[in-house]
Amino acid sequence: MNENLPRPRSAIYLLPNAFTTANLFAGFYAVVQAMSGNFEVAAIAIFVAMVLDAMDGRVARLTNTQSAFGEQYDSMSDMVSFGIAPALVMYEYQLQALGRWGWIAAFIYVAGAALRLARFNTNIGVVDSRFFQGLPSPAAAALVAGFVWLSVDNRIPDYESLAWLAFVLTVYAGISMISNAPFFSGKSLALEKKLSPQNVMLVLVLVFAFVSSDPPIVLFLLFIVYGLSGWIVWYWRWRRAQQLHDSRRESREAEAAEVAGTKPEGASMAHKVDPVDPVDPVDPVGQADRSQAPARSEPHIADSQDQDKPKDWFKKD
């Protein structure tokens with residue numbers, strides 16, 4: 001009975017892996033071009049690898065051909081295209097002039113990319129899908145490649161300050177990848193807002209027109225903003241948590257002060273008795289209130305006693 005069911009074609013599983021292989025080739029090609037001194041071509045190859053990396057996962061989901069092999073193969077390709085290739089391109093371009101500081105910065109970037117990919121594979125389904133934990137490796141590669149492309153395209157002279165700027169940017173990208181700063185992933189938009197194909201095409205055309213105006217400057221500025229956005233979100237969350245903590249602490253202190261201030265007042269009120277209410281049948285007014293009451297004159301008390309006393313008619317005067 002199962003023999004009559006249509007078997008999935010094995011060739012369709014090669015489609016997402018083909019994009020992954022193209023991604024790997026683009027990263028390797030960037031390294032080769034950087035060793036030959038073609039830094040602009042090397043930077044463009046890294047951006048092409050980013051596009052291919054974004055397509056392989058989507059193709060796998062559309063064709064329902066996800067597999068554990070594809071995930072591991074994608075991670076290996078990302079390590080080459082977004083870990084080793086950007087570090088070697090930047091090292092050949094500027095970091096080599098700094099000596100040991102140059103290769104230390106390049107190694108920090110490579111180690112950060114490796115740790116980032118390993119953590120991403122182990123934390124799938126654990127962290128918030130709306131945000132990446134740390135700067136994604138493609139975005140970090142775009143920072144490095146965008147800097148190289150922008151510098152070569154604008155023919156910026158090779159000053160020592162440019163090399164140290166490349167050092168700072170490379171170290172920043174490597175540290176940001178292994179940080180806990182939340183970077184927006186864009187998955188929430190795809191899940192919550194089902195865009196129509198017409199709207200998707202309109203957005204793509206607008207983005208393409210905006211980027212094509214000046215690709216090196218536009219891409220580098222876009223990824224600079226994205227590379228700083230995670231730290232801004234992290235600082236905003238930290239400030240919000242601090243304000244919430246301070247407000248709770250102030251409310252607890254206010255409650256404690258109120259409780260401490262109402263106990264003596266309640267205790268003193270317990271001993272105070274309204275002189276109008278006959279609380280005690282023996283002493284309705286109370287000893288304290290009696291001392292404050294206006295005293296009656298002795299003749300008045302004597303007259304009242306004489307009036308109340310019956311007269312003895314049989315007693316002789």
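Just so you know, these numbers use all the heavy atoms, side chains as well, and skip hydrogens, waters and symmetry mates. Worth saying up front: this structure is predicted, and the values here are computed from it rather than measured.
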Work out which heavy atom in [X] is nearest to a heavy atom in [Y]; give both atom names and the distance.
X      : Y      : value
Ser229 : Phe183 : OG-CD2, 4.0 Å
Ala49  : Phe82  : O-CZ, 3.6 Å
Ala105 : Thr170 : O-CG2, 3.5 Å
Ala85  : Gly27  : CB-O, 3.5 Å
Leu95  : Ala163 : CD2-O, 4.2 Å

Within the distance-only criterion (no hydrogens, no angle test), does the side chain of [X] pair as donor or acceptor with the backbone N or O of [Y] below 3.5 angstrom?
X      : Y      : result
Asn154 : Leu150 : yes
Ser81  : Asn23  : yes
Arg119 : Met177 : yes
Ser176 : Ala173 : no

What pairs of residues pass the side-chain hydrogen bond (donor to acceptor under 3.5 Å, both in side chains) test when at least one of them lies in residues 83-106, not counting sequence neighbours? Gln94-Asp158
Quick one: do Ile104 and Ile108 satisfy side-chain contact (heavy atoms from CB on, under 4.5 Å)? Show the steps, please. CA-CA 6 Å; Ile104 287 175; Ile108 290 175; 4.1 Å; yes
Please answer: with hydrophobic residues joined when any side-chain heavy atoms are less than 4.5 Å apart, are [X] and [Y] in the same cluster?
X      : Y      : answer
Val48  : Val51  : yes
Met90  : Ile156 : yes
Leu115 : Tyr172 : no
Val148 : Val80  : no
Leu169 : Phe47  : yes

Between atom [atom1] of [X] and atom [atom2] of [Y], what is the distance when rounded to the nearest 0.5 Å?
X      : Y      : atom1 : atom2 : answer
Glu40  : Asn38  : CD    : CG    : 9.5 Å
Asp74  : Asp78  : CG    : CG    : 4.5 Å
Tyr109 : Phe167 : OH    : CZ    : 15.5 Å
Arg237 : Ile232 : CZ    : CD1   : 13.5 Å
His245 : Arg248 : NE2   : CZ    : 9.5 Å
Leu206 : Met201 : CG    : CE    : 11.0 Å

Is it true that atom CD of Glu160 has more than 12 heavy atoms of other residues, nucleotides or ligands lying nearer than 6.0 Å? no
Could you give the side-chain donor-acceptor pairs of residues 209-226 under 3.5 Å, partners two or more places apart or in another chain?
{"residue": "Ser212", "atom": "OG", "partner": "Phe208", "partner atom": "O", "Å": "2.9"}
{"residue": "Ser212", "atom": "OG", "partner": "Ala209", "partner atom": "O", "Å": "3.0"}
{"residue": "Ser213", "atom": "OG", "partner": "Phe210", "partner atom": "O", "Å": "2.6"}
{"residue": "Tyr226", "atom": "OH", "partner": "Phe184", "partner atom": "O", "Å": "2.7"}

Hydrophobic clusters join Ile, Leu, Val, Met, Phe, Trp and Tyr when side-chain heavy atoms are under 4.5 Å apart, directly or via other members; which others share one with Tyr29? Phe25, Val41
Share the residues that join Met35 in a hydrophobic cluster, the rule being Ile, Leu, Val, Met, Phe, Trp or Tyr side chains under 4.5 Å apart at the heavy-atom level. Val31, Met79, Ile84, Leu88, Val110, Leu117
Side chain to side chain, [X] and [Y], heavy atoms closer than 4.5 Å:
X      : Y      : value
Phe132 : Arg116 : yes
Val207 : Val203 : yes
Pro136 : Phe120 : no

Within the 3.5 Å criterion, strictly below it, is a donor on Ser75 or Asn121 matched to an acceptor on the partner's side chain? yes
Which residues satisfy the salt bridge (charged side-chain N to carboxylate O under 4.0 Å, His left out) test with Arg155, sequence neighbours excluded? none
Partner set under side chain to side chain contact (heavy atoms under 4.5 Å, CB included) for Ala42, not counting sequence neighbours: Ala30, Gln33, Ala34, Val89
Show the numbers, then the answer: is there a side-chain contact (heavy atoms from CB on, under 4.5 Å) between Leu143 and Leu135? CA-CA 11 Å; Leu143 282 177; Leu135 183 65; 4.1 Å; yes
Specify whether Phe69 and Tyr73 have parallel, tilted or perpendicular ring planes, treating 30° as the upper limit for parallel and 60° as the lower limit for perpendicular. parallel
